Structure formats: structure tokens, C-alpha cells
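Note that the structure is a prediction, hence the values are computed from the model and not measured. All values below come from the heavy atoms of this structure, side chains included, with hydrogens, waters and symmetry mates left out.
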Protein chains: 2
Amino acid sequence: MANSTNRHINVSSVQSVDRAVSVLEILARHGAAGVTEIAVELGVHKSTAFRLLDVLENRGLVEQAEERGKYQLGLGIVRLAGATAAQLDIVQEGQPVCERLAEELGETVNIAIADGDGAVNVVQTIGAAAITGYNWVGRRTPLHATSSGKVLLAFMPPDQRRNLLPRRLPRHTEHTLTSAARLREELVAVVERGYATCEEELEVGLNSVAAPVRSFNGSVIAALSVSGPAFRLTGERLPAVAARTAEAADEVSRRMGFG
Amino acid sequence: MANSTNRHINVSSVQSVDRAVSVLEILARHGAAGVTEIAVELGVHKSTAFRLLDVLENRGLVEQAEERGKYQLGLGIVRLAGATAAQLDIVQEGQPVCERLAEELGETVNIAIADGDGAVNVVQTIGAAAITGYNWVGRRTPLHATSSGKVLLAFMPPDQRRNLLPRRLPRHTEHTLTSAARLREELVAVVERGYATCEEELEVGLNSVAAPVRSFNGSVIAALSVSGPAFRLTGERLPAVAARTAEAADEVSRRMGFG
DNA sequence: TCCGCTGTTGCTTAATGCGAAACACAATGC
DNA sequence: GCATTGTGTTTCGCATTAAGCAACAGCGGA
């Protein structure tokens with residue numbers, strides 16, 4: 001090793017590459033930086049930093065900014081990320097988390113995404129305690145009468161939400177919120193709390209809780225929900241279950257690159 | 001050099017890093033790959049490929065897939081891209097292209113993005129021939145009565161578009177398309193041709209052409225438009241101008257990571 | 001059980017990538 | 001005007017480093 005200071009136990013074998021990645025991270029943090037600046041931060045010689053930047057530039061991961069001698073992250077990174085995002089599927093990332101939660105709670109866990117004026121379940125795992133094994137995957141549910149839907153509505157851009165909510169909302173049970181104004185009030189609370197609940201508003205005897213799943217850019221892309229029979233998933237149990245639901249949703253968000 | 005075959009003139013100095021980038025690109029192409037597969041494609045020994053993957057994995061740029069022994073691009077890439085995207089501003093990338101086009105055509109060139117039920121101009125350069133130096137930047141324009149707006153509508157997800165188009169559209173001049181049905185027909189043509197036109201539909205005596213700007217993932221994120229007085233930017237000149245407009249828009253798209 | 005296939009890990013060697021110093025080019029100060 | 005100090009860039013010789021080999025370890029299927 002060149003200099004004495006071997007910071008944190010260096011497990012990685014290929015130092016060159018390791019440093020190159022550091023260069024990328026430095027650029028990500030600083031936005032743009034010069035050779036010398038990077039060399040100092042890496043603790044290596046200018047020439048070393050330069051060579052690294054040179055390779056990264058030739059490969060398009062880094063490019064020179066307007067100002068001569070300033071480097072910044074390049075399009076190559078974006079292109080790579082495009083390929084990553086494709087396989088960074090909510091289904092793939094969410095499935096294992098849902099399974100764990102379903103096992104822990106014994107209830108059914110779903111992940112739903114917004115699709116026009118409805119929500120579509122794209123992941124479902126059925127907990128051990130679930131009586132009926134009804135398959136909700138692919139099923140469209142109304143946004144105003146489900147906990148997932150409320151989450152999606154609550155974190156939606158206002159413009160978009162406005163277009164999705166007619167003044168009177170279709171009734172499904174006698175608990176369904178049918179007034180847009182009334183629903184809007186609840187959505188404010190949903191953002192506040194970080195989760196939504198639904199008590200027999202879609203089907204009699206069916207309760208649920210949902211929390212938002214975020215993408216790497218912070219936008220809410222899905223809702224993770226736990227649902228079960230009202231007699232077991234009682235109103236008073238909901239807050240406690242909501243906490244676990246939110247944790248799971250955060251875990252999926254992390255896997256999607258958020259935070 | 002290890003083996004005799006030094007493929008293409010290797011300018012890059014740090015081979016390790018160069019190969020590491022190749023690994024990333026291979027993973028981007030294949031989606032997921034094993035050590036051996038990558039080693040073969042790189043033309044190096046298994047152990048070499050493994051060590052490269054090891055570093056990249058430790059730094060989060062690569063992660064192991066479900067199936068043991070399969071590697072894929074990781075969240076680190078997405079995080080880096082997030083930092084890139086921040087500075088990958090449409091304004092920054094679009095400005096120089098617009099300036100060139102404005103100089104070439106002598107007309108005013110704008111880039112607009114969708115914002116709810118309107119379009120907002122975020123870049124503007126005024127051509128030499130432009131009489132009036134009116135500033136449109138930040139100004140909101142109706143989607144149905146501008147060429148930019150038509151482009152944005154035309155390439156928008158159908159659900160979203162439906163919510164933005166009431167049956168009757170506000171009239172601005174006697175050429176304004178006020179029927180949603182009629183507009184929809186035109187939008188089909190816009191997608192077909194790859195550009196939209198607008199002849200005195202917003203203001204009398206003002207014509208324009210617009211083409212879509214795409215982001216790295218292919219989605220249309222903005223519209224680049226050329227506008228000028230009807231007596232100079234005549235209806236018959238529009239197709240020719242449209243071609244140049246589309247080229248410029250493509251150039252911006254490329255800068256945003258598309259293609 | 002064996003074989004073939006993975007990915008993983010020491011070890012040895014020389015190729016590689018490193019650091020020092022020299023160079024080129026700009027911008028600043030005197 | 002020139003010198004000075006700051007960039008980024010290039011060259012070159014030395015020894016660190018990373019490649020290749022080969023043996024090991026898991027796994028799955030024949």
C-alpha cells in the first residue's frame with residue numbers, strides 16, 4: 001500500500017476500481033470537481049486521479065463540464081441506470097418483503113400501483129391466518145375505497161388527483177366515503193400519519209392499512225397494504241399494524257433506491 | 001499486456017477500471033450474468049472477473065440476484081444517476097441547441113414542459129429575425145392551442161390525457177380547435193409525423209412547429225418549438241422547419257441520455 | 001455417487017498502475 | 001511586461017498490484 005493510512009479494512013482486492021468508484025461518488029456529491037480536488041479527497045497523486053478520470057471519461061461515465069478542467073458525471077451513468085431501473089421491478093423487490101410481513105402478521109399483504117382512476121395490485125402474498133385465498137393480483141380496485149388507493153391519492157400531485165375525483169364517489173358499503181370533500185380531509189391525515197386505513201369501506205368485514213412506497217427520486221410509486229377480516233384486524237389494532245406496514249414499505253422503498 | 005491480442009488501440013491507461021466499466025456495460029446489456037459468462041466476454045480469467053465484480057458489489061454498483069451466482073446492476077448506479085439527473089437539466093442541455101437553431105432559422109425557439117393542464121416554457125432563445133423580444137419563459141400556455149402543447153398531449157399516457165381534455169376547449173382565435181374529438185384526431189397525426197404545428201390557434205399571426213424531447217428512458221419530457229409570425233413562418237414552410245426542429249429536439253434528447 | 005458446472009480463494013510473477021517530477025497552458029500578481 | 005502560482009496533462013522508472021493459474025468448495029443433474 002502506498003501510504004501508511006489504510007482506512008477501513010480494505011477487503012476489496014482491485015484498488016484501481018475501488019478508487020474509480022470513489023471518484024464517481026465524489027462527483028455525485030460535489031456535482032463537479034477538478035483533478036486536484038479529487039486527488040486530495042482520494043489521498044492519491046494528481047496523476048493517479050487524472051488517469052482514473054481519463055478512463056471514466058473515455059467510457060462516458062464522466063464528462064468534462066463547460067469550464068475547462070471540471071469533471072462531472074456523464075450520460076453513461078444515466079444509461080446504465082436505465083438498464084438497472086428496468087430490472088428494478090417493484091414486483092421483484094417487493095415480493096420478499098411482502099412474504100416476510102405476511103408471515104409475521106399472518107395476514108394478506110399487497111402492493112398496488114396507480115393506474116388511471118384505479119389501483120392495480122401487482123404483488124400479493126397470503127398470510128397463514130388468511131381464511132380465503134382470493135387472488136387480488138391484477139385486480140383493479142377503486143382509489144377512494146381502499147387503503148392503498150388512499151395512499152396513492154394522498155401522495156399524488158394535486159392536479160392529477162383533482163382530475164381523478166368526481167364530487168360524488170361510488171358507494172360500495174355503508175362505510176364508503178362518497179364525498180370528495182370528506183375524502184380530501186382524510187387524505188391530508190394520511191400524508192400526516194404516513195399511512196392510510198380502510199374499515200369496511202370496500203367490502204363488509206374487510207379492513208386494511210397501507211403505506212407509501214417511494215422510488216429513488218422520492219416520488220410515491222406504489223402502496224403496500226395489509227388486509228384482513230375486520231374481526232381480527234380490528235380498528236384498534238390498525239395503528240400497530242400500520243407501523244409494521246410502514247416499515248415494510250420503507251424497506252421496499254430502500255430497495256427501489258430511495259434513501 | 002497479458003496476451004498478445006491488444007484489441008482496438010487501448011488509449012485508456014487503467015485497464016482494471018476499463019474492464020470494470022465493461023463489466024457494468026455487460027450487465028446492463030444482459031440484465032444478469034454469472035462470473036464465468038462475464039469472464040468469457042471480457043476475455044479474461046474467471047478470477048479476474050470475480051475480483052472486479054467483488055469490488056463493484058462492495059461498492060453497491062452491482063448486486064447478487066436471487067439466484068446464487070448471478071450478478072446484476074445495483075442501486076448504487078441508480079443513486080449515482082440521481083445525482084447526474086439533478087444536473088442533467090433540460091435547461092442546461094437545451095439552451096445551446098436552441099441557440100444554434102435560433103441562429104440558423106432566425107426565429108424564436110422554446111422548450112416547454114407539461115405542468116398539469118398547461119405547458120410551461122423553460123428555455124427560450126430569440127432569433128435575429130424576431131421582431132418582438134417578448135419573453136415567454138415561465139409563461140403558461142394552453143396545451144390544445146400550441147404546437148408544444150400538442151406534442152406533450154400527443155405523447156402523454158392516454159389516461160392522463162383524458163383527464164386533461166374537457167369535451168369543449170377554450171377558444172383563443174377563430175382557428176383554435178375547440179372540439180376534443182377533433183383535437184384527438186390531430187394528435188394521432190402528430191405521433192405519426194413526429195411533430196406538431198399550430199397556425200394562428202393561440203394568437204392571430206403566430207405560427208409554430210414543435211417536436212418531442214425524450215428522456216433516457218424514452219418518455220417524452222418536453223417539446224422543442226420554433227415560432228414566428230405567420231407571414232414569415234408560412235404554412236407551406238412549416239414541414240421544412242419541422243424537420244430541423246425535430247433534429248434539434250433529437251439532439252437534446254441525446255443529451256438527456258436517449259438513444 | 002459421480003461428474004460437471006458454478007463461484008471462490010491462495011499463491012506467484014511480471015505486468016500494471018502508481019508517484020515524482022517535468023511539461024503546457026491560463027489566470028493572476030507585481 | 002514578466003514572473004508566479006495555479007490548473008490539467010504527460011512521461012518514465014520502480015515496486016506495488018492485479019492477473020493468471022490451479023486447487024477448493026457448493027450445487028444440481030445424470
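Under the 4.5 Å side-chain criterion, counting only non-hydrogen atoms from C-beta, B:Ser227 is in contact with B:Asn110. The side-chain heavy atoms of A:Leu53 and A:Leu27, taken from C-beta on, include a pair separated by under 4.5 Å. Counting only heavy atoms from C-beta outward, the side chains of B:Leu101 and B:Leu224 approach each other to under 4.5 Å.
Here the P atom of nucleotide D:dC12 and the CZ atom of A:Arg51 are 14 Å apart, to the nearest Å. Between B:Asp54 atom CG and C:dG10 atom P there is a gap of 12 Å when expressed in whole angstrom units. Atoms CG (A:Leu52) and C1' (D:dT9) sit 15 Å apart, rounded to a whole Å. Nucleotide D:dT17 holds its P atom 17 Å from the CZ atom of B:Arg19, rounded to whole Å. Here C:dC5 presents its P atom at 20 Å from CZ of B:Phe50, a figure rounded to the nearest Å. Atom CG in A:Leu53 sits roughly 12 Å away from atom C1' in D:dT9 (whole-Å rounding).
A salt bridge is absent between B:Arg244 and B:Glu107: the closest approach of a Lys/Arg side-chain nitrogen to an acidic carboxylate oxygen does not fall below 4.0 angstrom.
OP1 and OP2 of C:dT6 both lie 4.0 Å or more from every side-chain N or O belonging to B:Tyr71. Side-chain N/O atoms of B:Thr36 include none lying less than 4.0 angstrom from OP1 or OP2 on C:dC5. Contact between the side-chain N/O atoms of B:Gln64 and the OP1/OP2 oxygens of C:dT8 is found at a separation under 4.0 Å. Proximity of B:Thr48 to the phosphate of D:dG20: a side-chain N or O atom is located under 4.0 Å from OP1 or OP2.
Between A:Ser47 and B:His45, the one whose closest nucleotide on DNA chain D sits nearer the 5' end is A:Ser47.
Below the 3.5 angstrom threshold, one finds a donor paired with an acceptor across the side chain of A:Lys46 and the base of D:dG8.
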